Amino acid sequence: MAGSPFERSRLRPMTGPTESSFDPVAILALRFGAAIRAAVPDAPGEIDPMITPSRQQQFGDFQCNAAMGLAKRIGAKPRDIAQKIVEKVDLADIAEPVTEASIAGPGFINVTLKPDALAALVGKLDTPALGVAPPTNPETVVVDLCGVNLAKQMHVGHLRSTAIGDTLARVFARLGHTVIRQNHVGDWGLQIAMVVWKLAQQTTPGQAPTLDLETIEKLYREAQKETSAGRTGLKIARARQHAKLIAEFEAEVVDADAALDEAKAWLVKLQSGDARAAELWKYVADVTKAACLENCRRLRTAITEESWAGESSYRHDLVPLVDDLVSRGVAEESDGALVIRVEEHGIKEPCMIRKRDGGYLYATTDLAAIRHRIQMLGADRAVYCVDARQSLHFKQVFAAAEKAGYASRNGEVAKLEHAAFGTILGEDGAPFKTRSGETVRLTDLLDEAIERASAVVADKSEGLSKDDVNAIAEAVGIAAIKYADLSSERIKDYVFDFDRMLAFEGNTGPYLLYALVRLKNIFRTASERGVDAEAAMDGAEITIAEPEEKQLALALLRYPGALAATAEALEPYKLCAYAYDLATAFSSFYKNCPVLKAEQPTLGSRLRLCHLTQRVLADALDALGLPTVERM
RNA sequence: GCCCCGGUAGCUCAGUUGGAUAGAGCAUCGGACUUCUAAUCCGGCGGUCGCAGGUUCGAAUCCUGCCCGGGGCGCCA
């Protein structure tokens, strides 16, 4: 993935944007690069012009920070170097004259763009692709996301994997890469066999089961309870040498063992293809899948049936995979188990792939999945959108996969990345639970968000039909929840707070939706007043006169870089921050720069700015996976 | 015990490769609606960047040690 052209001029490849680019950072990097070469011919190594947007408006639009580092390397005074650069740099066509007065502090060189040059750059951005160039090196990216388990309803913990994973997938796709979403469903193993066992007890052979997911989940819990009863208690009783309790718990454990044996028997049936077991398993899988996909649909994600890639799909790969690892000496025995040592990757804990009893583990299936994704699906990059608590697991598995050669295809090693995220907390700072201490179902969470949004929408939106209010409330509620999840660094925990995310003020999803509505409203109003916006924009020159127009223009030009930076860092918050910046720049513009009241040529220019802003904002919201509305 | 992550304004968060006077939002205080919808905009207030050393012309950022919070550590997934 290329670096952000706006934020890291250093990473710009030699074949990158040229003078024809719309990107002011790229253009200034070329000009200052040439100036530095001329000013300091004996500068050692690579020259990085270090162009960045100015932090504060008083320092101009952009700055070149190269003089200080250069001076350090060659033992000169920073301001002298800056002076030489200023003398050599040629910005006549694009910026206000750069003089000694442009040098500030220890050697910053401040640059202010000419309004007409800025306008011309915005004009170049005004294309169907909105300045996003096709990738020089298109990749196939697998995104592991959602991560549900069979026989369980989705809960609040699935929100992050689903929302963040889908957003990253959308951003990759928007940048022109090929994206494959993979929902690595926990649908195999003893846990699932337990459910099948309980379901077999509840249903008559030859009769199709009719239980819903909630009931199936109860069976799952019962199975868990029955097979583990007494075990913990026995340990404690033995530690305390409490004879009576030991006897009681021992009796419980005898029952639990019997239950476990039954579950294991069903696991064997499942593994050997027993028809009844397969039928019940498929029923549980279908019910779970339907519920999961419904949640994914409500969340406006592109996670579909095609993304369903359960652990069970690797079940026939495990034996040959382990054989392969053993025969090539990648895996070795340890205390009767089979492990892959990854100390050479700086990880002390070995990656266990087979238990002493011959059972396979989470890591075994993950290795099979990596091999499949890289070598069969053709992934150049695999991104795992999974809870941060699994970070050691992924370090081990990634290292083991590389050691085994499973991460390579045609000699090229694919990138394996864990896009780890933190926990959603309740107001008490503990993992988010209901008042009664149970996990929060995702459907309930979405319902409540929409219900709360509905109250506000009904209050604020007059003259809308009930259907409109419902549709708007749903979009606002979903956008609020998703934006709250996407808008801070992945790795951080955050406190789930309906009041804050639905306050509709400041950096929230609804604010962005509202900005888009205002943009659309300009064109709707134009139409109502008989103003032909298309005609007014046709052939109109963009002019940048007011400060608000300038800030809006500068924000627009940052869009492709914001997308690239988001993909590079696997951080949706970067795109959120960009969208919010753009929306605030537009809101100021909207307040201070009348559009429809203006006369030509200002009317045409501002309409074009609005039209471009509308398209960029809508594009960004689409990449974030946020639903939008026409009115609110 | 070892390892990973976090600690920045009252609260929620940004802070790019080490760069200027550390920025936003919320809250609070004060302004702006005969409007292209005020779910908005403009301004004020608010900071020992967890602590202590070190490197540097320059440190929230890099190094070392420590403190606080969370998580993980081969036979679960």
Side-chain angles (χ1 to χ4, degrees), chain A residues 3-4 6-11 48 50 52-56 58-59 63 65 68-69 71-72 77-78 104-108 110 149 186 189-191 311 334-339 347-357 359 361-363 365-366 387-393 395-396 420 422-423 425 429-430 456-457 459-462 476 484 487-489 491-495 497 500 503-508 510-511 513-515 517-519 521-526 528-529 531 548 565 569 573-574 577 580-581 584 587-588 590-598 606 610 631-632:
Chain A
S4 158
F6 300 96
E7 302 175 11
R8 295 187 186 178
S9 56
R10 177 174 65 100
L11 295 178
D48 176 5
M50 308 222 326
T52 78
S54 295
R55 288 277 180 81
Q56 294 173 60
Q58 54 172 311
F59 298 130
Q63 55 183 270
N65 294 346
M68 284 84 76
K72 193 174 200 169
K77 289 183 182 171
F108 303 99
N110 293 325
N149 291 299
L190 185 59
Q191 305 291 315
E311 293 179 340
S334 171
D335 289 331
L338 212 54
V339 302
I347 304 161
K348 273 186 280 183
E349 299 87 344
C351 179
M352 183 175 293
I353 57 169
R354 195 175 67 195
K355 297 189 285 182
R356 201 182 313 174
D357 68 3
L361 297 106
Y362 188 32
T365 307
D366 269 331
D387 194 293
R389 282 173 293 197
Q390 303 205 18
S391 87
L392 175 60
H393 166 74
K395 274 185 192 166
Q396 292 174 299
T423 308
L425 307 173
V456 183
V457 172
D459 180 50
K460 301 231 179 195
S461 306
E462 287 172 22
V476 166
S487 58
S488 65
E489 257 185 300
I491 195 66
K492 294 194 173 172
D493 298 345
Y494 75 92
V495 175
D497 182 350
R500 193 186 309 127
F504 306 163
E505 282 153 5
N507 192 3
T508 64
Y511 177 85
L513 265 48
Y514 182 62
V517 163
R518 296 174 113 187
L519 280 157
N521 193 51
I522 290 171
F523 291 94
R524 193 161 44 226
T525 304
E528 284 166 10
R529 293 184 185 174
V531 175
E548 290 84 5
Y573 87 84
K574 295 200 179 218
Y580 181 64
D581 283 349
T584 51
S587 293
S588 291
Y590 183 86
K591 187 72 182 179
N592 296 298
C593 303
V595 179
L596 298 179
K597 285 178 190 163
R606 288 184 177 168
C610 288
R631 305 160 190 273
M632 57 192 284

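A note on names: the letters A, B, ... follow the listed sequences, proteins ahead of strands, and every chain is numbered from 1. The structure displayed is predicted, hence computed values, not measured ones.
Residue Arg55(A) is in base contact, counting any heavy-atom pair closer than 4.0 Å across all strands shown. Within 4.0 Å (heavy atoms only), Ala388(A) reaches no atom of the nucleic acid at all. Base engagement by Pro106(A) is indicated by at least one non-hydrogen atom pair under 4.0 Å involving a base atom. Within the 4.0 angstrom heavy-atom criterion, base atoms lie near Ala337(A). Residue Ser334(A) is classed as a base contact, given a heavy-atom separation below 4.0 Å to a base. Across all strands, Asn65(A) comes closer than 4.0 Å to no nucleic acid atom at all (heavy-atom distances). Residue contacts shown for Gln63(A) include a base, since a base heavy atom lies under 4.0 Å away. Residue-level contact check: Gln58(A) touches the bases, meaning some heavy atom is under 4.0 Å from a base atom.
Rounded to the nearest 0.5 angstrom, His393(A) NE2 and Asp366(A) CG are separated by 4.0 Å. Rounding to the nearest 0.5 Å gives a distance of 5.5 Å between CG of Asp387(A) and OG1 of Thr423(A). With values rounded to the nearest 0.5 angstrom, Glu548(A) atom CD is found 14.5 Å from Tyr590(A) atom OH. Considering CD of Glu349(A) and CG of Leu392(A), their distance stands at 5.0 Å, rounded to 0.5 Å. Ser487(A) contributes atom OG, which lies 14.5 Å from atom NZ of Lys574(A) (distance to the nearest 0.5 angstrom). Summarising the geometry, atom OG belonging to Ser391(A) is positioned 7.0 Å from atom CD1 belonging to Ile491(A); distances are rounded to the nearest 0.5 Å.
For Phe59(A), the side-chain atoms get nearest to A20(B) when compared with the rest of A38(B), A20(B), A77(B). The side chain of Val456(A) sits closest to A39(B) out of A32(B), A39(B), A14(B). In this structure, of G25(B), G72(B), A39(B), it is A39(B) that holds the atom nearest to the side chain of Val457(A). When the nucleotides C13(B), C26(B), A38(B) are ranked by their closest atom to the side chain of Glu505(A), C26(B) comes out on top. You'll find that the side chain of Leu392(A) is closest to C73(B), out of A20(B), A14(B), C73(B). In the set C75(B), U40(B), A20(B), C75(B) carries the atom at the smallest distance from any side-chain atom of Asp335(A). Taking every side-chain heavy atom of Leu361(A) into account, C76(B) is the closest of A39(B), C76(B), U16(B). When distances run from any side-chain atom of Arg500(A) to the nucleotides U16(B), U12(B), C2(B), the shortest one goes to U12(B). The Arg356(A) side chain lies nearest to C75(B) when the options are U40(B), C2(B), C75(B).
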Practice prompt. Please step through side chain to side chain contact (heavy atoms under 4.5 Å, CB included) for the pair Arg631(A) and Arg524(A), ending with a clear verdict.
Written response: CA-CA 10 Å; Arg631(A) 305 160 190 273; Arg524(A) 193 161 44 226; 3.5 Å; yes

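With both ends at atom C1', the span from C26(B) to G18(B) equals 31 Å, rounded to whole Å. Separation of the C1' atoms belonging to A60(B) and A9(B) is 14 Å when rounded to the nearest angstrom. Look at the C1' atom in both C33(B) and U40(B): the space between them is 10 Å, to the nearest Å. Separating the C1' atom of C63(B) from that of A22(B) is a span of 22 Å, rounded to the nearest Å. One C1' atom belongs to G50(B), the other to G6(B), and the distance between them is 11 Å to the nearest Å. The gap from the C1' atom of C49(B) to that of U8(B) amounts to 4 Å, rounded to the nearest Å. If you take atom C1' in U17(B) and the same atom in U61(B), they sit 10 Å apart, rounded to whole Å. The separation of C68(B) from G46(B), taken at their C1' atoms, amounts to 25 Å, rounded to a whole angstrom.
Within the 4.0 Å cut-off from OP1 or OP2 of G7(B), at least one side-chain nitrogen or oxygen of Lys492(A) is found. One finds no side-chain N or O of Tyr362(A) lying less than 4.0 angstrom from the OP1 or OP2 phosphate oxygen of A77(B). Proximity of Gln56(A) to the phosphate of A20(B): no side-chain N or O atom is located under 4.0 Å from OP1 or OP2. Regarding contacts with the backbone of C41(B), a side-chain N or O of Tyr511(A) is found under 4.0 angstrom from either OP1 or OP2. Applying the 4.0 Å criterion to OP1 and OP2 of C41(B), one finds that Thr584(A) has every side-chain N and O outside that range. Checking the phosphate oxygens (OP1, OP2) of C73(B), no side-chain nitrogen or oxygen of Lys395(A) falls inside 4.0 Å. Taking only side-chain nitrogens and oxygens, Tyr573(A) comes nearer than 4.0 Å to OP1 or OP2 of G15(B). When the side-chain nitrogen and oxygen atoms of Lys355(A) are compared with OP1 and OP2 of C76(B), one or more of them lie within a distance under 4.0 Å.
Nearest-nucleotide assignment on RNA chain B puts the 5′-proximal partner with Asn592(A), out of Asn592(A) and Arg354(A). Along RNA chain B, the nucleotide nearest Gln191(A) and the nucleotide nearest Val495(A) are compared for position; the residue whose nucleotide lies closer to the 5' end is Val495(A).
A donor-acceptor contact closer than 3.5 angstrom links the side chains of Tyr511(A) and Ser587(A).
For Asn110(A) against A20(B), a side-chain-to-base donor-acceptor contact under 3.5 Å is present.
Across the protein-nucleic acid pair, Tyr580(A) atom OH and A24(B) atom C1' stand 7 Å apart, rounded to whole Å.
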